[in-house]
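First listed ligand is number 1; within each ligand, the first listed atom is number 1.
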Amino acid sequence: MIPTVVWEDGVVVMIDQRRLPNEEIFVRCRDHHEVAAAITDMVIRGAPAIGVAAAFGLALGVRNSTSEGGALREQWDDVCAVLAGTRPTAVNLFWAIERMRRRFDTLAGEGGDALRRALLDEALAIQTEDVESCQRMGDLGAALLPDRARVLTHCNAGALATAGYGTALGVVRSAARMGKLDHVLADETRPFLQGARLTAWELQRDGIPVTVITDSMAGHLMARGEVNAVVVGSDRIVANGDVANKIGTYTVAVLAKEHGLPFYVAAPVSTFDLVTKTGDEIPIEERSAEEVTHVAGHQVTPDGVPVRHPAFDVTPHRLVTAIVCERGIARPPYTESLRDLAGRAR
Ligand code: MRU
């Protein structure tokens with residue numbers, strides 16, 4: 001398995017996704033500030049992976065503290081705030097912090113080693129459950145695909161974006177295992193190139209046929225019949241079924257509609273934010289302008305010309321054919337189907 005994020009005896013180890021595909025280098029985080037920096041700086045990215053890393057960061061924060069009682073709680077609140085301030089759009093981050101907070105609250109009275117062990121166990125459970133969820137949604141999603149599927153995907157919603165297996169690429173992996181997959185077309189995904197660098201790297205590593213295209217080629221290839229399904233991941237799915245995902249996903253959904261292609265979203269229940277009613281209310285992260293002005297360290301725009309750099313967009317629910325999660329498949333009307341799946345037992 002690709003070691004996206006691993007707990008190694010008090011150290012959180014992550015493969016540095018900024019260096020892929022050229023170098024396989026590991027970053028070792030020894031305190032929660034280092035974990036937070038790794039999330040902010042994109043060492044680790046992808047909504048479920050961010051949640052798992054944050055959970056390990058919280059476990060680390062408590063493990064490194066020698067305080068007890070009220071002083072420990074104060075530090076805990078501070079650790080939670082540091083991790084919550086890393087990235088705003090992926091709701092899995094806040095879901096993981098909330099889950100760890102509940103664990104802390106039930107055990108705060110005990111303090112000491114029992115609390116520290118319980119928080120680490122909770123983080124490990126979040127990691128294990130994420131892999132299991134991906135495998136389940138992968139199998140459910142693959143069943144939706146046509147035979148000889150030619151799947152277009154955007155960004156990286158793979159093993160690198162989760163604790164393992166992937167969401168959209170989990171569907172692809174299951175389809176390959178079932179003998180249903182013909183080919184994957186990976187949008188390069190400007191500005192950060194998660195498709196060209198990460199999706200291509202991990203699918204090639206697994207022997208799954210993948211071809212990288214520039215984002216601008218998707219419509220042309222759809223018009224020529226080279227795609228028969230689109231599968232993407234998500235950073236936040238709100239109550240009405242609107243879906244936030246990497247910038248450019250909305251464009252792909254519009255193209256899919258024009259060409260009569262199914263547009264599937266694969267994401268675990270930890271990506272559901274059913275408190276938020278519509279996509280208009282989703283906070284959209286703006287990263288550094290340099291992600292747009294520069295490619296691989298080289299400036300490609302003239303000095304002084306402004307650029308726009310939203311990192312995510314929102315695909316309206318009317319363009320989404322189905323949402324696949326580990327508990328089943330949601331179809332319109334999403335207000336009901338998402339609520340129903342969220343309410344089901346694991
Ligand atoms: O900015 P990133 O690389 O964290 O954005 C990642 C995405 O948009 C993914 O598609 C999404 O998190 C789903 S990951 C299973």
Between the side chains of [Y] and [X], is the shortest nitrogen-to-carboxylate-oxygen separation below 4.0 Å, so that they form an ion pair?
{"X": "Arg117", "Y": "Glu122", "answer": "no"}
{"X": "Glu326", "Y": "Arg136", "answer": "no"}
{"X": "Glu291", "Y": "Arg287", "answer": "yes"}
{"X": "Asp77", "Y": "Arg101", "answer": "yes"}

Residue, atom name and distance, where the atom is the protein heavy atom closest to [atom]:
{"atom": "atom 6 (C) of ligand 1", "result": "Arg45 NH2, 3.5 Å"}
{"atom": "atom 12 (O) of ligand 1", "result": "Ala47 N, 2.9 Å"}
{"atom": "atom 14 (S) of ligand 1", "result": "Ala161 CB, 3.5 Å"}
{"atom": "atom 7 (C) of ligand 1", "result": "Asp235 OD1, 3.3 Å"}
{"atom": "atom 9 (C) of ligand 1", "result": "Asn245 OD1, 3.4 Å"}

Only heavy atoms of [X], strictly under 4.0 Å: list the atoms of ligand 1 that pass.
{"X": "Arg87", "result": "1 (O), 2 (P), 4 (O)"}
{"X": "Ala157", "result": "14 (S), 15 (C)"}
{"X": "Met42", "result": "1 (O), 3 (O)"}
{"X": "Phe312", "result": "1 (O), 5 (O), 8 (O)"}
{"X": "Lys246", "result": "1 (O), 2 (P), 5 (O), 8 (O)"}
{"X": "Gln194", "result": "1 (O), 2 (P), 3 (O)"}
{"X": "Pro48", "result": "14 (S), 15 (C)"}

Start with the C-alpha distance between Lys246 and Glu188, add both sets of side-chain angles, then the distance that settles salt bridge (charged side-chain N to carboxylate O under 4.0 Å, His left out), and finish with yes or no.
CA-CA 12 Å; Lys246 181 52 54 193; Glu188 66 173 350; over 6 Å; no

Given that the side chain starts at C-beta and the backbone is N, CA, C, O, which of these parts of Ala311 lies under 4.0 Å from ligand 1, counting heavy atoms, or is it both or neither?
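Neither part.
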
Holding to side-chain hydrogen bond (donor to acceptor under 3.5 Å, both in side chains), I want the full list of residues that pass it with Asn245, two or more places apart in sequence or in another chain.
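Per chain and number, Asn245 pairs via side-chain hydrogen bond (donor to acceptor under 3.5 Å, both in side chains) with Thr249.
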
For the atom pair OG1 (Thr276) and CD1 (Ile237), what is the distance rounded to the nearest 0.5 Å?
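Going from OG1 on Thr276 over to CD1 on Ile237, the span is 12.5 Å.
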
Working note: Arg99 + Glu129, criterion salt bridge (charged side-chain N to carboxylate O under 4.0 Å, His left out); need CA distance, chi angles, decisive distance, verdict.
CA-CA 13 Å; Arg99 181 166 159 178; Glu129 288 168 24; 2.8 Å; yes

Give me the one residue out of Asp215, Thr251, Val232 that meets side-chain contact (heavy atoms from CB on, under 4.5 Å) with Asp187.
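Going through the options one by one, the only one that passes is Asp215.
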
On the 0 to 90° scale, with breaks at 30° and 60°, tag the Trp76-Phe104 ring pair as parallel, tilted or perpendicular.
parallel

Does Gly46 reach ligand 1 with a nitrogen or oxygen that is under 3.5 Å from one of the ligand's nitrogen or oxygen atoms?
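There is such a contact, yes.
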
N or O pair under 3.5 Å between Thr167 and ligand 1
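So ligand 1 has no N or O lying under 3.5 Å from an N or O of Thr167.
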
